**Student:** 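Here you go, one structure.
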Protein chains: 2
Amino acid sequence: MATMKDVARHAGVSAATVCRVINNNVYVKPVTRERVETAMREFNYQRNVTAHAMAKRSGKTLGLLTGNLDDPFFSRMARGIEDTTRKARVQLVVCSGGHRAEQEKAGLDLLINQGCEAIVAHLPRMNEEDILRYAAHTPALVVINRYLPVIANRCVWLDNVSAAQAATNQLIQHGHRKIACITADIPIDDRTHRVEGYRKAMDIAGIPVADDWIISVPFNEHGGELAAEKLLQAGLNFTALVTFNDVMAAGIMRTFHYHQVRVPDDISLVGFDDIAWAKYLHPTLTTMHNPIEKMARRAATLALQLNAGIVGLPQHNGYCAELIPRASVKPL
Amino acid sequence: MATMKDVARHAGVSAATVCRVINNNVYVKPVTRERVETAMREFNYQRNVTAHAMAKRSGKTLGLLTGNLDDPFFSRMARGIEDTTRKARVQLVVCSGGHRAEQEKAGLDLLINQGCEAIVAHLPRMNEEDILRYAAHTPALVVINRYLPVIANRCVWLDNVSAAQAATNQLIQHGHRKIACITADIPIDDRTHRVEGYRKAMDIAGIPVADDWIISVPFNEHGGELAAEKLLQAGLNFTALVTFNDVMAAGIMRTFHYHQVRVPDDISLVGFDDIAWAKYLHPTLTTMHNPIEKMARRAATLALQLNAGIVGLPQHNGYCAELIPRASVKPL
DNA sequence: TTGTATGCGTTATCAC
DNA sequence: GTGATAACGCATACAA
């Protein structure tokens, strides 16, 4: 790889001049500029990113701490981020937190240590105190999918309460009253808020919620299957379910189908996220559209701006989910 | 961030000694080592990765050029890579090629220019000549999902011919003869080889294949829907279909379902890839399991080894797909 | 308008 | 065993 020195020597100028040509803002005589540019082309000069980062004490990279790349929800998130970074021509460094506090910490440490200044992090498990410490230390850290009042302007989040409330209302409006809430089994804000939304909707409709109406399972396909088994064993005293996400709903549907429980004839179902294949399930899944790709783009842009020192007005980065009615809900 | 100098001053030694302590191979008196280590802890010293890469003229990063992060197949691939890099504690840099030659080039250039030496690239569209040029210039470039004889030891690929043949045979063995092949509409090796496997199986079974038995569409959900529409318009003269991938099969099933064509009663279907949700479709999809996650891990490991100068014996990195029988195929 | 000198944080090569 | 010192490739204040 040719360096600035090579180019400089060949063009009969100093390295400083080559530098000026590259960052074409400073005064440099058109003739010399031409000479340097020719030399650069001849050598196929590419500026060494490492050295550049070294001298500027800052590199052009965005770190993404995701949950798990092999999950339709996080895939869409990653795509949104990658889209933004590719267009901005900044390097995207990825690592995953695996929904475990320790791994989230290790991942964040890795990103920071590797020189990522702009970071978009999905941190469902890390405690608030730790996040704030990281945030204080890393000014261009943006938290996605979680709301922390102290650093609200660096969060991009979904209004989970309203979303879960809307999902539940959809069932209530179709005449359902015995509605169970199938949710996650780990203590994350998403869970808390969505259960809250569910309770709120039920409360307003005057439907009392017994403790065993809330069922906690892992938020993946298998968790859904587990929940369905539990419900079946308990006699299936419900006519409808709101679920934590679509993947879980798919698991539920699979087990129900296996046991000849028909959706939506025997039981209605509302999912969450609107992942790509929600409409390929049978029946197609009524769900809450989660605008995660848009949120991801916003988060990435925000992180990049923060890192560039662009402060701007404190924006509101809260997003709303939207109900997508499909075929998994039926009037009672 | 504290530097080596800070630590050195505080410990009353030179930076060189601190360096020796960090790369704890050289002789250094236990007492001084202790002093340095204490100072490091006090300052919470972290070695600057950029400077390290600069001095060593090589960084610990692996670049991944993927197709499209928001696709179940590539998600699984990304997961395999990320898993390997996280365990090896190397940075993972991602960018996507979007199945366009130009974007693949731009992505690869970006990765190389950003200092990635070890690279795993999915390059379905780039012409062979260009790939070989890149390969010559980047000794730790590994090509995934494509076989190039000249650099076979740096390729990790699937035996697409046998896989498509097995898929087709599954249908033939169930008595089908009028079998269409729904494939991709872009000139990539996967397409060529899978069509070849289809033809081979048909040939051996003595079934002539008319040109219009091979239908080319985009290899996504929409392409599947398009193919189904085409088939329906032509009168659906087939009893079975082999498809290019599961996502496409899902699209086909959706359109068929909409038009009251029953799978597998009216028509049988075999997918390809065995993506996570193949078993959540209705009916569950019979498909070829593509061990892409394992292949991704192999590719990442290989790239890292090549970069570390580990040559090893030339290994055979060809993988085979395996038939997963589910409910979308029925005897004629 | 251009060149010189210095620094960024490490590592490596010498001396001592 | 340990400490100067010179790279690595680029950016930049200061001279000229």
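Throughout, protein chains are lettered first and strands after them, A, B, ... in sequence-line order, and every chain is numbered starting at 1. All values derive from a computational prediction rather than experimental measurement.
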**Student:** Kindly say whether the aromatic ring centers of A/H99 and A/F74 come within a distance under 6.0 Å.
**Tutor:**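 That pair passes the under 6.0 Å test.
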
**Student:** Give the rounded distance in Å between these two atoms: CD1 of B/I22 and P of C/dG9.
**Tutor:**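 Going from B/I22 (CD1) to C/dG9 (P), I get 13 Å.
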
**Student:** Side chain to side chain donor-acceptor pair (under 3.5 Å) between A/N317 and A/Y147: does it pass, once the steps are laid out?
**Tutor:** CA-CA 10 Å; A/N317 294 311; A/Y147 176 73; over 6 Å; no

**Student:** When you measure only distances, ignoring hydrogens and angles, does the side chain of A/R20 come within 3.5 Å of the base of C/dG3 through a donor and an acceptor?
**Tutor:**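 Result: at least one qualifying N/O pair found.
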
**Student:** List the atom of B/E117, the atom of B/S58, and the distance in Å for their closest heavy-atom pair.
**Tutor:**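 So the two residues come closest at OE1-OG, 3.1 Å.
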
**Student:** In this structure, how many angstroms lie between the C1' atom of C/dT10 and the CD atom of B/Q46, rounded?
**Tutor:**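 To the nearest whole Å, that distance equals 15 Å.
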
**Student:** Indicate whether OP1 or OP2 belonging to C/dG3 is found under 4.0 Å from a side-chain N or O atom of A/T17.
**Tutor:**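 The answer is yes; a side-chain N or O of A/T17 sits under 4.0 Å from OP1 or OP2.
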
**Student:** Nearest-Å distance, NZ (B/K5) to C1' (C/dT10)?
**Tutor:**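 It works out to 11 Å between those atoms.
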
**Student:** Let's go through B/E34 and B/T38 carefully: what are the C-alpha distance in whole Å and the side-chain angles of both, what is the deciding distance for side chain to side chain contact (heavy atoms under 4.5 Å, CB included) to 0.1 Å, and is it a yes or a no?
**Tutor:** CA-CA 6 Å; B/E34 197 52 58; B/T38 311; 4.1 Å; yes

**Student:** Give B/V13 one of three labels, base, sugar-phosphate or nothing, depending on what nucleic acid heavy atoms sit under 4.0 Å from its own.
**Tutor:**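 If one applies the 4.0 Å heavy-atom cut-off, B/V13 turns out to touch the sugar-phosphate alone, with no base involved.
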
**Student:** Rounded to the nearest angstrom, tell me the gap between atom CE in A/M40 and atom P in D/dC10.
**Tutor:**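 Result: 10 Å.
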
**Student:** List the atom of B/E293, the atom of B/R79, and the distance in Å for their closest heavy-atom pair.
**Tutor:**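 Closest pair (atom of B/E293, atom of B/R79, distance): OE2-CG, 4.0 Å.
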
**Student:** In terms of side-chain heavy atoms of A/M4, which of C/dC8, D/dC10, C/dT10 is nearest?
**Tutor:**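 Of all the options, the side chain of A/M4 is nearest to D/dC10.
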
**Student:** Please tell me if A/R47 has a side-chain N or O lying less than 4.0 Å from either OP1 or OP2 of D/dA11.
**Tutor:**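 The answer is yes; a side-chain N or O of A/R47 sits under 4.0 Å from OP1 or OP2.
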
**Student:** Can you see if the side chain of A/H52 gets near the phosphate of D/dA11 - specifically, an N or O under 4.0 Å from OP1 or OP2?
**Tutor:**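 For D/dA11, OP1 or OP2 has a side-chain N or O of A/H52 closer than 4.0 Å.
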
**Student:** Could you check B/S14 against A/Y45 and say which one's nearest nucleotide on DNA chain D is further toward the 5' end?
**Tutor:**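 Between the two, 5'-proximity favours B/S14.
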
**Student:** So, is B/T3 close to the C/dG9 phosphate, meaning a side-chain N or O under 4.0 Å from OP1 or OP2?
**Tutor:**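 It does not, given that no N or O in the side chain of B/T3 lies less than 4.0 Å from OP1 or OP2 of C/dG9.
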
**Student:** I want to check one thing: is the phosphate of D/dT2, taken as OP1 and OP2, less than 4.0 Å away from some side-chain N or O of B/T32?
**Tutor:**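 True: B/T32 side-chain N/O within range (under 4.0 Å) of D/dT2 OP1/OP2.
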
**Student:** Taking only the side-chain nitrogens and oxygens of B/K56, find out if one of them lies under 4.0 Å from OP1 or OP2 of C/dA12.
**Tutor:**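 For C/dA12, OP1/OP2 do have a side-chain N/O of B/K56 under 4.0 Å.
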
**Student:** Please figure out whether B/M54 or B/P30 has its closest DNA chain D nucleotide nearer the 5' end.
**Tutor:**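 Nearest-nucleotide comparison on DNA chain D picks B/P30.
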
**Student:** D/dA11, D/dA4, C/dT10: which one has an atom nearest the side-chain heavy atoms of A/C19?
**Tutor:**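 Minimum distance to the A/C19 side chain belongs to D/dA11.
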
**Student:** Counting only side-chain nitrogens and oxygens, does A/Y27 get under 4.0 Å of the OP1 or OP2 atom of C/dG3?
**Tutor:**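 No, no such contact exists.
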
**Student:** Of all the choices, D/dC8, C/dT10, D/dA11, which nucleotide is nearest to the side chain of B/N48 once you look at every atom?
**Tutor:**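 It is C/dT10.
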
